[in-house]
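Structure first, then comments.
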Amino acid sequence: MNPGDEMHHSDATDDAATRAARPTEPLPLGEHLRTPELKAAMLVQQEALHAAREFLRGRGFTELLPPLVGPVTDPGGRGAKALDVDYYGHTYKLMTSAILYKQASLRGFGKLFYIAPNVRVEPLETAGTGRHLVEFHQIDVEIAGATRDDAMEVAAGLLTHVVERVWETVPEQLHGLGRDPLAFTELLSGKFDVCTHAEAVARLRGQGHPQSEDAEIDWTGEEALSRDADRPFFVTDYPKGSRGFYDREDPERPGTLRNFDLIAHGGYGELVSGSERESDYATIVTRMRESGENPAKYDWYLRAAREGIPASAGFGMGVQRLVRFLTGLDALWQVSAYPKLPGVVAP
Amino acid sequence: VTGVRAGGFPERQVRARARNGTRELFPPADAYGQELFGAQADPGPAGPGDDLDRARLVPPVFMPRRLEKLIELAREPIHDDVALETTIGGFRSRLPVFLSAFGSTRAGSGDLALAAGRQAARLGIPMVIGENMVPVHGYRRDAAGGGHGVILARIRAYAEEAPAALGGVVVQQSTEDADSEVWNLLYSDPSTQPLLDSGRLGFELKIGQGAKPGLGGMTVLDTGEAERLAGRFTVRDVFGPDAPSRLRCATPGTFTEEIVRQQLRFMRNNFPRARVWVKLPPGRDVAAAAATAWRAGADAVTVDGAEGGTGWAPRVFLDHVGLPLAECLRRIGRPGGCLLANGRMWEGGRVVRALALGATAVGLGRAALVAVDEDGDAGLVRLAECLALESRLLISALGKYSADALAPEDLWWPGTEPAHGDHAGAVPAIGGGA
């Protein structure tokens, strides 16, 4: 019996299955681990990760295993906090992302990726977005000497390849979850559209949504743009002040970053964030101050930057967001075996 | 009374107001009818004061705004009709007054600060919590027991007493605080959610301070504490090798126009539900800095005059460095947003002068600490009642009935020309040739 059948026939999980069909919050862990939705999602995830590795290795990338703790981590944004750990008397951070290590690693590995676990203590207002978990994973890619266009091309290729492979290898899981292959026809048919942050802001304001022009697209705005689309699309050129110091500022257009998000269609929202990276030491220090960071705590990274970090571009693709998009499930917690929602104390 | 002293500050008068309330605003009631009163030849018991104190409040004879109020009320207006309720940096406040930041100094982080916060809450005025609280005192006292550290205790005490929809709590973050991620901690802490949900949490980017512009925070530590903090702060032996104390210096932080603009955008991007405040030192480019902050979306800009601060500072800074508050306000001119003023505020005359020069509200710092030291239950409340009554009396005397109607025309510095429009028009001056 395959897991798709189990969803409809197993007495043991009927109750859980019914409740999971109208998900508002995670089930107790013991029940959640037995739901057919989770089983199907894990089979999809396994194929997606396999396909991602296949794609990246085929293009000459090396997979490294990421660090878990360090004296600093990605300062990130949008109010998420890093968790502290006591490391032999020093305060270390759990990785919110391994971006700093990715950049440093370019000196030995020109094309690298991680499947990296990350922890971000997200603000409580993200608990209801269906798109945030405190613990999550990223397919984290970095390419020495690459431009933003190069990174966007790899991200689009990666997503397309994963979608194709998952539909080839586990179509019954996707069908069992009610996913229609027609939802991916446009995605598989060609190039993704690109719009700038300014254009996205104008579109949202045109719909009556009060989107700030010098901030991130907010959660409801992102979902609205995502719902309006019939295939994934890029948003580029976010304003400085909305992203980390490592996203490179466009030298031709001060205040604009050479970065991008890849937004899924169908209301699933952002799958990928990426950019050309800043590699100039003095600019990195200045950008740290502009984002309110204390350069002194980035000692090891700044020493590497002084010695010379290669120019690069890269991105992170959220694994759980990717799997939710593939499976069509309602909330991110349904595709994590051990979900931790912002503000909810869970095992 | 814990023995807080405030030399160089009208401490005795503040204590009297904190103890006795509004009766301190008048000559003794039992002297009425027996004693004659008039202006004093000397500058008064509060000392000579600064440039702001030297300005006289000058009511006009003709009062078209009083006529407007008369028409509105259908009776002659009195001082009770002056509306003092206002919006301070996004928060509704009963008075054009807020509780200034006390940092991690001993005076600013103990029971006095807690009592001041409670009373500020009861008054329905916003409260600012100073920098360096978390790196020095920790966030939670002990993770296992769930005890609250100083900063959470102050927020909780305020939230318990504040009337619904009035006031708010603003938390500063310095460079060292940024390492401790103070804003992130508070923004995702379940215990701050009621304030966030009611729009009453704000964050203040501290760019500098009045007592020592150009320097970071300084406190005196005992040797043991100094060793504990040596990894996070610069700790120096300036009191002599045998002294039991050390000087702890925080960094001032580096700011350029672009750094200020981007840090503010970052705050708005990362904490969209929090208000964004900025605190400026009395720098010579204070007008440009304030304009940059407002353009980048700051809900309030606080200017500390060189007279301000509970601050412990090197003597040379206290005596020689920074623009006085009046000059800061003059340089800023007509504000491009909500402007807040700090520095030696304790009575209505100085408050009304600051409002006339463009401030929306003023901060109580030392005065608040002295008042709660005098009476931990109601000292600050009484001091604020005094300030409110004096302000109402003064503003109504100027023929105006809301704090935001005050303008530079209401002030005159002895020895200067009258404000434009106050000349006698067609009537030639005595002795002038017409």
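Residue numbering restarts at 1 for every chain, and letters A, B, ... go by the order of the sequence lines. In this text the structure is predicted, and so the values were computed from the model without any measurement.
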Residue Thr91(A) versus chain B: region with a heavy atom under 4.5 Å: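 Contact with chain B is through the side chain of Thr91(A) alone.
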Could you tell me which portion of Arg243(A) (side chain, backbone, both or neither) has an atom closer than 4.5 angstrom to a non-hydrogen atom of chain B?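 The backbone, not the side chain.
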Residue selection (most heavy-atom pairs with chain B, distance under 4.5 Å) from [options]:
{"options": "Glu216(A), Glu122(A), Arg287(A)", "result": "Glu216(A)"}
{"options": "Ala82(A), Ser212(A), Gly343(A), Gly255(A)", "result": "Ala82(A)"}
{"options": "Ala80(A), Ala215(A), Ser242(A), Pro239(A)", "result": "Ser242(A)"}
{"options": "Ser291(A), Gly241(A), Pro75(A), Pro342(A)", "result": "Gly241(A)"}

Tell me whether Glu270(A) is salt-bridged to Arg131(A), with the criterion being a basic N under 4.0 Å from an acidic carboxylate O.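 So Glu270(A) does not pair with Arg131(A) through a salt bridge.
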Between Asp280(A) and Arg248(A), does any NZ, NE, NH1 or NH2 come within less than 4.0 Å of an OD or OE carboxylate oxygen?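 Looking at Arg248(A) and Asp280(A), the cut-off is not met.
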Rounded to the nearest 0.5 Å, what separation is found between the CD atom of Gln263(B) and the OG1 atom of Thr256(B)?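 If I round to the nearest 0.5 Å, the distance is 9.0 Å.
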Tell me, for Arg261(B) versus chain A, whether the close heavy atoms (under 4.5 Å) come from the side chain, the backbone, both or neither.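 Neither part.
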Tell me if the centroids of the rings in Tyr246(A) and Tyr301(A) come within less than 6.0 Å of each other.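 For Tyr246(A) and Tyr301(A), the ring centres are not under 6.0 Å apart.
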State whether Phe255(B) and Arg289(A) meet the cation-pi test: NZ (Lys) or CZ (Arg) under 6.0 Å from the six-membered ring centroid, and within 45° of the perpendicular axis.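 Yes, a cation-pi geometry.
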Could you go step by step and tell me if Lys102(A) and Arg277(A) meet the side-chain contact (heavy atoms from CB on, under 4.5 Å) rule? CA-CA 11 Å; Lys102(A) 277 203 306 183; Arg277(A) 311 303 187 188; 3.7 Å; yes
